[in-house]
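Below is one structure; the comments refer to it alone.
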2 protein chains.
Amino acid sequence: MRRVTLNRPFAAALERLRAADLRPTRQRMALARLLLEGGDRHVTAEQVHSQAAESGIRVSLATVYNTLHQFQRAGLIREVVVEAGRSYFDTNVSDHHHLYFEDGGRLVDVPAAQVEIRGLPDLPPGVEVSRIDVILRASAKSK
Amino acid sequence: MRRVTLNRPFAAALERLRAADLRPTRQRMALARLLLEGGDRHVTAEQVHSQAAESGIRVSLATVYNTLHQFQRAGLIREVVVEAGRSYFDTNVSDHHHLYFEDGGRLVDVPAAQVEIRGLPDLPPGVEVSRIDVILRASAKSK
DNA sequence: ATAGTTGCAAAAGTTTTGCATTGTA
DNA sequence: TACAATGCAAAACTTTTGCAACTAT
């Protein structure tokens, strides 16, 4: 009888791709594992590309972008735009906001549960708010 | 006696540049008038560049970017990043938030006075929040 | 076979930089 | 004359597109 046991992380990534109706190709599996293992992270496409290279995975930056966008559409990750020409992909897809340290560019999650927003405007009929992004921009105290 | 009367908009733009310690060069004056006359607007660098061309002002896109950033540093305008690779410059510098229509890319101001945000996290000592951006993303109702 | 997918080279945008030119004292 | 500031061509980045190669019937 043949052993069919797959290691855990592999199986988990496979499962998530399947659930999202994305074929488990070599590149996608590699990127899925890179992103979806090891907790909440904020990474740029460029960083994902470098990390892939470090792990010995050959994949072009274009494919990284395309894959990240597919993952986003599938709800596996979120894109957060913080600055002109700098977007982060966030592996935390729970409802939350962001704290951005302008010096250094670090991005930190702020759970939405603890934040309360009131007084938002009404929208035209047929239109709905699909998402609310709150970004707190932090910098060194000027005083 | 020589007439020294300048037309109003010209004088206003001049005044604002002076107050911001920016030399009133031909290009800057032109962009200042384009941006600071005629109410609150959300424009991309590209749009400013086109409008300048239409008004017969010769200025490169690089200069438009550089000037917009100078204006931002001087507090004359604000930059709002809404989507990867798409930043808007906002001539409304009062405290406010944004409603973004994902189909079409229109951006609308939401006065901050009517919005109340509570439960924001504490920051490390020496760090302060320099700005809070709230972006409501609106799209056609899915139902 | 063949219809749909995938991954990437090349193209398209966007923003920044370096420096010749211009303006100021 | 020197010194700083300006405007832009060219360079550097970031992101998207078009299509050849691959996959799964």
Side-chain angles (χ1 to χ4, degrees), chain A residues 13-14 17-18 20-35 42-53 55-74 76-90 102 105 107, chain B residues 13-14 17-18 20-35 42-53 55-74 76-90 102 105 107:
Chain A
L14 190 65
L17 289 186
R18 286 222 174 105
D21 264 321
L22 294 169
R23 284 200 211 161
T25 62
R26 171 187 297 287
Q27 282 84 341
R28 274 220 275 259
M29 280 295 287
L31 296 180
R33 297 191 49 184
L34 222 64
L35 285 165
H42 300 101
V43 284
T44 62
E46 187 56 65
Q47 286 168 352
V48 173
H49 185 240
S50 307
Q51 283 183 27
S55 320
I57 300 151
R58 282 191 62 267
V59 61
S60 75
L61 185 54
T63 296
V64 171
Y65 270 103
N66 290 340
T67 305
L68 289 173
H69 286 144
Q70 287 167 346
F71 284 5
Q72 184 188 219
R73 244 169 283 134
L76 298 175
I77 61 176
R78 269 176 53 171
E79 187 170 3
V80 186
V81 187
V82 159
E83 249 180 25
R86 177 172 240 168
S87 62
Y88 288 88
F89 292 88
D90 187 348
E102 287 176 322
L107 198 57
Chain B
L14 190 65
L17 289 185
R18 287 225 174 102
D21 263 322
L22 293 171
R23 284 199 210 162
T25 63
R26 171 185 296 287
Q27 281 84 341
R28 274 218 276 257
M29 279 296 287
L31 296 180
R33 297 192 49 182
L34 223 66
L35 286 166
H42 299 101
V43 285
T44 62
E46 187 57 63
Q47 287 168 352
V48 173
H49 185 238
S50 308
Q51 284 185 25
S55 320
I57 300 150
R58 283 191 61 264
V59 59
S60 75
L61 185 55
T63 295
V64 171
Y65 269 103
N66 290 340
T67 304
L68 289 172
H69 286 143
Q70 287 167 344
F71 284 6
Q72 184 188 221
R73 246 169 281 133
L76 298 176
I77 59 176
R78 269 176 53 170
E79 187 169 4
V80 186
V81 187
V82 157
E83 249 182 25
R86 176 172 240 168
S87 60
Y88 288 87
F89 292 87
D90 187 347
E102 286 175 323
L107 198 57

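Here is the naming used below: chain letters follow the sequence lines, and residue numbers restart at 1 for every chain.
Nucleotide dT16(D) holds its C1' atom 15 Å from the CD atom of Gln72(A), rounded to whole Å. Here dT5(C) presents its P atom at 13 Å from CZ of Arg73(A), a figure rounded to the nearest Å. Spacing between atom CZ of Arg58(A) and atom P of dA9(C) amounts to 8 Å, rounded to whole angstrom units. Summarising the geometry, the separation between CD on Gln27(B) and P on dA9(D) is reported as 11 Å, rounded to the nearest angstrom. As a whole-Å value, the separation of Leu22(A) CG from dT23(D) P is 17 Å. We find that CZ of Arg26(A) is positioned 11 Å from P of dC8(C), with the value rounded to whole Å. Atoms CD (Gln70(A)) and P (dC8(C)) sit 12 Å apart, rounded to a whole Å.
In this structure, the ring-ring contact (aromatic ring centres under 6.0 Å, His included) partners of Phe89(A), at least two apart in sequence or on a different chain, are His69(A). Evaluation of the salt bridge (Lys or Arg N to Asp or Glu O under 4.0 Å) rule for Arg78(A) yields Asp133(A) as partners, not counting sequence neighbours. In this structure Ala62(A) satisfies the side-chain contact (heavy atoms from CB on, under 4.5 Å) test together with Ser60(A), sequence neighbours excluded. Taking Glu83(B) as the reference, Arg86(B) meet the salt bridge (Lys or Arg N to Asp or Glu O under 4.0 Å) condition, with sequence neighbours excluded. Residues passing the ring-ring contact (aromatic ring centres under 6.0 Å, His included) test with His49(B): none are found, sequence neighbours excluded.
Here Thr63(A) does not reach the OP1 or OP2 of dG7(C): none of its side-chain N or O atoms lies under 4.0 Å away. Between Thr25(A) and the phosphate of dT5(C), there is no side-chain N or O to OP1/OP2 separation shorter than 4.0 Å.
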Report, as a single string ordered 5' to 3', how protein heavy atoms within less than 4.0 Å touch nucleotides 14-23 of chain C: B base, S sugar-phosphate only, - not at all. SBBB------
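Ser87(A) and Glu79(A) form a side-chain donor-acceptor contact under 3.5 Å, judged by distance and modelled atom types alone.
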